[in-house]
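These numbers come from the heavy atoms of this one structure, side chains and all, not from hydrogens, waters or symmetry mates. Counting from 1, the numbers follow the sequence of the chain as shown.
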Amino acid sequence: MAMLWKFMRVARYSKTALPPKVRGILVHSRHSSSSKSVPSDFAASTPCSNTVELLGKSYPQDDYSNVTEKILSKVGKNLHNKKHHPLWLIKEQVKDHFYKQYIGRRGTPLFSVYDGLSPVVTVQQNFDSLLIPQNHASRKKEDNYYLNRDHMLRAHTSAHQWDLIHSGLDAFLAVGDVYRRDTIDNTHYPVFHQMEGVRLFSCHELFSNIKDVESFQLFEQGHRTAHKQECHTMEAVRLVEFNLKQVLTKLMTHIFGDGLQVRWVDCSFPFTHPSFEMEINFQGEWLEVLGCGVMEQQLVNSAGAQDKIGWAFGLGLERLAMILYDIPDIRLFWSEDERFLKQFIVPHICQKIKFQPLSRYPPLINDISFWLPSETYSKNDFYELARTIGGDLIEKVVLLDEFTHPKWMKHSEMLED
């Protein structure tokens with residue numbers, strides 16, 4: 001994400017559908033010293049005042065403020081809560097499954113669901129509470145939307161983990177819109193939707209089905225290995241991991257149908273260990289659908305649940321919906337076209353749906369080149385510029401060519417538009 005700016009290829013559905021400003025960009029087929037440079041602060045622009053007004057609150061701007069008006073316009077849309085929207089259908093399927101499959105001692109659903117939490121969080125909530133190091137790449141300004149140095153648009157629903165555990169919850173789902181500066185193509189968008197799941201166990205709960213439960217413990221003073229944290233017993237970790245994988249396998253089978261092939265890939269996250277990515281074999285192709293793992297005990301302890309051990313997972317609603325409904329482009333989820341939306345008005349949330357394409361316009365390609373304004377310019381800055389001007393009509397941005405002037409030592413890049 002922090003690589004130097006590269007040449008990219010831009011394809012759009014129809015040039016005539018773009019606003020006049022887009023058609024005014026300098027277009028030519030070779031590098032030229034006369035091409036106009038892009039202002040280095042364009043993609044980091046915010047409203048002209050010294051504050052950002054969002055969801056009824058004011059946030060003073062500073063040198064970290066980089067959220068754009070285009071992104072601000074998405075806040076509060078809450079596509080996951082719009083009835084019959086495809087993201088709502090996925091959310092409701094997951095919620096329905098957890099409500100029916102996991103019942104508490106009083107006969108009520110074990111998992112609580114939170115789908116209206118504010119997307120504005122503190123940097124502490126988004127990073128520090130999750131044990132993400134100060135120098136971790138995920139904190140970079142180039143990859144996030146900061147209101148200021150202290151507040152940002154959440155980059156993941158994990159930002160609410162600590163607060164919900166601290167409130168006394170030990171089984172919950174958190175759903176919401178998340179924001180990340182990213183590339184432009186059919187699978188990436190700066191706003192998407194995640195679901196976070198957390199389950200904590202006491203010693204009695206975890207070992208309840210084992211004879212002589214008193215002889216088993218959650219914690220020990222040991223060493224961290226590839227399979228466990230230093231404070232966890234191997235017996236506890238194995239049961240938590242087994243429960244986690246069983247829960248998620250049942251969930252994906254509920255969504256995609258019986259006979260689903262699943263595999264687990266070892267990976268690494270700052271807030272879980274051991275950690276895994278779950279892949280499913282859907283229509284002959286292995287696809288990653290979520291990340292998960294045993295929660296870092298330091299996180300659990302700091303939230304006030306020192307006597308418990310637990311797991312967490314995070315999945316993308318768009319990812320599941322694109323696979324399940326065969327939706328080819330993530331930008332379609334923001335469409336207000338009735339031809340798109342009416343395809344998901346179904347009598348039952350689990351009804352099978354196959355998306356029918358809408359567009360009548362072929363891609364249009366042109367060449368664009370420009371001088372890079374500075375060495376600190378990030379490729380995500382250009383993506384914000386492109387999205388601000390061309391909106392969702394810009395289909396893809398791909399590196400095409402680059403050039404360094406031998407005398408001036410200025411760098412230029414070329415895109416096909």
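- Rounding to the nearest 0.5 Å places CG of Leu239 at 13.0 Å from CD of Glu205.
- Here the two rings, on Phe192 and Tyr179, have centers that are 6.0 Å apart or farther.
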| field | Trace of the side chain to side chain donor-acceptor pair (under 3.5 Å) decision for Glu220 with His232 | value | CA-CA 6 Å; Glu220 68 177 9; His232 292 157; over 6 Å; no
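- Judged by distance alone, the side chains of His204 and Ser202 never bring a donor and an acceptor atom under 3.5 Å apart.
- Using modelled atom types, one finds no donor on one side chain facing an acceptor on the other under 3.5 Å when comparing Trp88 with Asn81.
- A donor atom on one side chain and an acceptor atom on the other are not found under 3.5 Å apart for Thr233 and Gln217.
- Annotation for Asp63: atom CG counts as buried by contact number, over 12 foreign heavy atoms lying within 6.0 Å.
- A side-chain N or O of Thr187 and one of Asp185 form a donor-acceptor pair less than 3.5 Å apart.
- Between the side chains of Gln343 and Gln356, no donor-acceptor pair is found at a separation under 3.5 Å.
- Exactly one of Leu290, Leu87, Ile90 qualifies for a side chain to side chain contact (heavy atoms under 4.5 Å, CB included) with Leu320. That residue is Ile90.
- Using a 4.0 Å cut-off between a side-chain N of Lys or Arg and a carboxylate O of Asp or Glu, Arg139 and Asp128 qualify as a salt bridge.
- Residue Gln298 places its CD atom among 12 or fewer non-hydrogen atoms of other residues, nucleotides or ligands, all under 6.0 Å distant.
- Checked by atom type and distance alone, the side chain of Glu285 never pairs as donor or acceptor with a backbone atom of Phe282 at under 3.5 Å.
- At a threshold of 4.5 Å between non-hydrogen side-chain atoms, the residues Pro119 and Asp177 count as touching.
- Proximity of a side-chain donor or acceptor of Asp337 to a complementary backbone N or O of Arg339 within less than 3.5 Å is detected.
- For the residue pair Asn301 and Gln306, the shortest heavy atom distance occurs at OD1-CA, 3.3 Å.
- Of the listed residues (Met278, Glu196, Met195), just one forms a side chain to side chain contact (heavy atoms under 4.5 Å, CB included) with Leu315, and that residue is Met195.
- Electrostatic pairing of Asp326 and Lys354 counts as a salt bridge here, judged by a charged N lying under 4.0 Å from a carboxylate O.
- Screening His193, Lys95, Lys91 against Asp115 for a side chain to side chain donor-acceptor pair (under 3.5 Å) leaves a single residue, Lys91.
- In this structure, Lys141 satisfies the cation-pi test against Tyr64, with its NZ or CZ atom closer than 6.0 Å to the six-membered ring centre and inside 45 degrees of the ring normal.
- Looking at heavy atoms from C-beta onward, Leu130 lies in side-chain contact with Gln161 at the 4.5 angstrom threshold.
- Using a 4.0 Å cut-off between a side-chain N of Lys or Arg and a carboxylate O of Asp or Glu, Glu296 and Arg224 qualify as a salt bridge.
- Geometric assessment of Lys74 against the ring of Trp334 yields a positive cation-pi assignment under the 6.0 Å and 45° thresholds.
- Ile330 approaches Met322 most closely through the heavy-atom pair N-CE, 3.7 Å.
- At least one donor-acceptor pair under 3.5 Å links the side chain of Ser302 to the backbone N or O of Leu299.
- Closest approach of Val346 and Ile353 over heavy atoms only: CG1-CD1, 3.8 Å.
- Between Ser118 and Val121, the shortest heavy-atom contact is O-CG1, 4.1 Å.
- A side-chain N or O of Arg154 and one of His160 form a donor-acceptor pair less than 3.5 Å apart.
- The 12-atom threshold is exceeded at CZ of Arg263, counting heavy atoms of other residues, nucleotides or ligands nearer than 6.0 Å.
- Annotation: side chain of Ser58 is in contact with side chain of Glu53 (closest heavy-atom distance under 4.5 Å).
- The shortest side-chain heavy-atom distance between Leu244 and Trp264 does not fall under the 4.5 Å cut-off.
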| message | I'd like to know whether Gln61 forms a side chain to side chain donor-acceptor pair (under 3.5 Å) with Asn148, so could you lay out the CA-CA distance, the side-chain angles of the two residues, the decisive distance to 0.1 Å, and finally the verdict. | response | CA-CA 5 Å; Gln61 294 187 53; Asn148 52 43; over 6 Å; no
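- Residues Lys83 and Glu92 fail the side-chain proximity criterion, which asks for heavy atoms closer than 4.5 Å.
- Aromatic ring centres of Phe344 and His84 lie farther apart than the 6.0 Å criterion allows.
- Of the possible donor and acceptor atoms, one in the side chain of His273 sits under 3.5 Å from a partner among the backbone N and O of Thr225.
- Side-chain contact between Leu324 and Ile255 is present, with heavy atoms from C-beta onward closer than 4.5 Å.
- The ring of Tyr99 has its center no closer than 6.0 angstrom to the ring center of Phe111.
- Here the side chain of Gln297 pairs a donor or acceptor atom with the backbone of Lys308 at under 3.5 angstrom.
- Formation of a donor-acceptor pair under 3.5 Å by the Gln229 side chain with backbone atoms of Met295 is found in this model.
- Inspection of the His156 and Gln194 side chains reveals no N or O donor paired with an N or O acceptor under 3.5 Å.
- Checking side-chain atoms of Asn144 against main-chain N and O of Lys140 turns up a donor-acceptor pair under 3.5 Å.
- In terms of modelled atom types and a separation under 3.5 Å, the side chain of Arg180 and the main chain of Ala155 share a donor-acceptor contact.
- Ring geometry, Phe333 versus His85: the interplanar angle falls from 30° to 60°, so the pair is classed tilted.
- Scanning all heavy atoms of the two residues, the minimum distance from Leu260 to Thr253 falls at CD2-N, 4.1 Å.
- A cation-pi arrangement is present between Arg199 and Phe201 under the rule of less than 6.0 angstrom and at most 45 degrees off the ring axis.
- The closest side-chain heavy-atom distance from Leu173 to Ser112 is not below 4.5 Å.
- Classification of the Phe98-Tyr102 ring pair by plane angle, with boundaries at 30° and 60°, yields tilted.
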| Steps toward side chain to side chain donor-acceptor pair (under 3.5 Å) verdict (His136, Ser138) | CA-CA 6 Å; His136 197 272; Ser138 64; 2.8 Å; yes
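- Listed here is the closest heavy atom pair of Leu164 and Ser167: O-OG, 2.6 Å.
- For the pair Thr272/Phe313, no side-chain contact is recorded, criterion being any heavy-atom separation below 4.5 Å from C-beta on.
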